[in-house]
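Everything below concerns the one structure shown next.
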Amino acid sequence: MEHLRCVVERITYQNEENGYTVIKCRAKGYSDLVTVVGNMPDVHVGSVLSLGGRWRIDGKYGRQFSLETCEETLPATVYSIEKYLGSGLIKGIGPKFAKEIVKMFQERTLEVIEHEPDLLIDVPGIGKVRVERIKSGWAEQKEIKNIMLFLQSNNVSTSHATKIYKTYGNDSIKVVQENPYRLADDIWGIGFKTADTIAEKMGFGHEKYVRLRSGIIYTLNKLSEEGHCYATREMLLEKGSELLSVEENLLSMTLDEMIRQEDVFREADSIYLPPFYFAESGTAKRMDRLLKMPPAIRIETDSLAEKIQSKTGMVYDEVQLEAIRKAVQSKVLILTGGPGTGKTTTTLGIITAFREAGAKIVLAAPTGRAAKRLSEATGMEAKTIHRLLEVKPPEGYQRNEENPLEGDVMILDECSMIDIILMYSLLKAVPDTMTLIMVGDIDQLPSVGAGNVLRDLIDSECFPVVRLTRIFRQAQNSRIIMNAHRINAGKMPDISNGRQSDFFFMAEEDPEKAVKTIVELVKTKLPRYYRVESSEIQVLTPMQRSVVGAVNLNQALQEAINPGGFSLKRGGFSYRTGDKVMQIRNNYDKEVFNGDIGTVSFVDMEDRSLKVSFEDREIAYDISELDELVLAYATTIHKAQGSEYPIVVMPVLMNHYVMLQRNLIYTGITRAKKILVLIGTKKALSYAVRNVTVTSRNTMLKERLKDLKEKADYFPG
């Protein structure tokens, strides 16, 4: 083994999942920078490393030092200290202040920060507040380093160390040693497999109860991510024993104990995590109660049509009028239909009928974009469900059974997106006397979260449903709308193109070439032709992975559209000022939610934080929170539900065949407001149109509603 002592000049590449890193170093005895490769999850620019390893020649990258051992020592020279401090390692010190501090204290700099930090007040430009930040940043970094060394000694990636420290503070190592499976329960982004790796290295028994319990909960959570509210016992034991490599009978005993302790709930052969059990049974009971209670407002339907048409200046067809009449007569109404069938016009008629009667109307939608569209269409305030329920961490929703919403009528848009947990949270806050009008397109994809709420409500046959099918004349001029209906009917869309069309198809079989075409369209061709900004163009794709998946497309588009400037790196991605990003989890503290899209407005290299401008405000993110954000130049069709974009570009190739389904393509196409460009093959498009295999979801909402209907003396509708 050979040895190398060096100072890290720059980090060329780092995989935060496994710690594999490529760095450029200035090493003693070498005039040029040296390339070092190997597992270095906790390395920073300016770090002084003592390495053991071997030199090798890589066919593509040339001479490299492949490390086997790595030990970090504190930097000793003035140059290396400045590099070390200027890397952004410690909050409050960036390159500028690093230079000033080292200029004043020279080789004593780190000793001063460690033992006499109050002396930093003498450095020009550093005030009391910054001194305190540097003190706490230094202390935190030392503690995180200890956690990282501990995790590293257990062969685990340390990309989660900051989160562990934030959750448990100075008790971090103690908690992990006592029960590493707590990490999977307590910290978002750390799953069972990471916890299991730590536990195995620490010698936790393969058949220990805490391991089997955590594995069962993980399996149920993974199934919920696929849309299931529950697992059958057989399915759970099969998947769980496969994950845990234990006998099913041992897992069965663990499951029985978990049921006894109410870690999970059993109903017949169905096993639920508690939140999904309470949400599903609670939604059924609340919907049942809503139907049974009299409405706050009653409206006569005689001459209603004439009044509404006179007031709105619109002419409604018979199905739309039926929807308006049913809305004012029912406690719950479901209004569904595809694009161009007049859902918005009908909704306006329903609003007018209730307003004329003096009703107080509440408008809501699942996402910010959907709420904004509803607001623009009606001229009234519409809120997201989260905002309507007044979320306030850590207590949760302020609107609930004890503090219900105020109003006579609620109109809820984009209901196909609403999962069972959100539906139950909303229904708990809906007063018994409120009329509920649910609007949505049943042919779109179901919600990203667990459940199939809109479909189950319709299939239960407990509620009046009006389905709009007629495509209105003005909508018939849009090939996007006409093709969406053709696809929904199982027919190939019209892909003849033409200058006046709003629907274009570009044939391309090669995924790599498709990526280049997409980049050209988004960066130059579409903005130049339609005189729009690139930011108004959204790329939608069926999958996250693959050459034309969201991950690869985002990196290609970022390089083309926003290549330079300061950036923070996390998980192999760079976040730069001007980047389009999406929040991928509900963060109640920040009041940003899964699917919200914003733009990075500011990157602070000293604080290792950034700000994202969402529609109405700026939100700050620490570097440890960046796994809540993904680049959003391209996003999956699933994530685009409830949103509309002026221009949509969508790849449809056979390497996505596992995801190519009719409702997926239909949903993607209907996200485009003005222009849609499909890139791919006729074969892939045809395959998607023919494929109506929709994966069923384990839900019991329909059955629960039917049971309540049969048991009830009075269950109108």
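In what follows, residues are counted from 1 in the order of the sequence shown.
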Pairing residues for Glu238 by the side-chain hydrogen bond (donor to acceptor under 3.5 Å, both in side chains) criterion, not counting sequence neighbours:
none
Tell me every residue that passes side-chain contact (heavy atoms from CB on, under 4.5 Å) with Thr367, counting only those two or more places apart in sequence or in another chain.
Arg369, Ala370, Met417
Mind checking ring pair (Phe, Tyr, Trp, His ring centres under 6.0 Å) for Tyr277 and listing every partner two or more places apart, or none if nothing turns up?
Phe265, Tyr272
Go through the structure and list residues passing side-chain hydrogen bond (donor to acceptor under 3.5 Å, both in side chains) with Lys611, not counting sequence neighbours.
none
With sequence neighbours excluded, tell me which residues meet salt bridge (charged side-chain N to carboxylate O under 4.0 Å, His left out) with Glu247.
none
Test salt bridge (charged side-chain N to carboxylate O under 4.0 Å, His left out) applied to Glu267 - qualifying residues, sequence neighbours left out:
Arg704
Donor-acceptor contacts under 3.5 Å from residues 626-634 side chains, at least two apart:
from	atom 1	to	atom 2	distance (Å)
Asp627	OD1	Lys163	NZ	3.1
Asp627	OD2	Lys163	NZ	2.6
Glu628	OE1	Gln583	NE2	2.9
Glu628	OE1	Asn587	ND2	3.0
Glu628	OE2	Arg585	NH1	2.9
Glu628	OE2	Asn587	ND2	3.4
Tyr633	OH	Asp579	OD1	2.5

Partner residues of Glu234 under the salt bridge (charged side-chain N to carboxylate O under 4.0 Å, His left out) criterion, sequence neighbours left out
none
Below 3.5 Å, can you tabulate the donor-acceptor pairs from side chains in residues 203-210 to any protein atom, sequence neighbours excluded?
from	atom 1	to	atom 2	distance (Å)
His206	NE2	Leu244	O	3.2
His206	NE2	Ser245	O	3.2

Tell me whether Asp604 contacts the main-chain N or O of Leu610 through its side chain, where contact means a donor paired with an acceptor under 3.5 Å.
no
With sequence neighbours left out, what residues match Tyr168 under ring pair (Phe, Tyr, Trp, His ring centres under 6.0 Å)?
none
Glu114: salt bridge (charged side-chain N to carboxylate O under 4.0 Å, His left out) partners, not counting sequence neighbours:
Lys142
Under the side-chain hydrogen bond (donor to acceptor under 3.5 Å, both in side chains) test, which residues partner Ser601, sequence neighbours left out?
Glu618
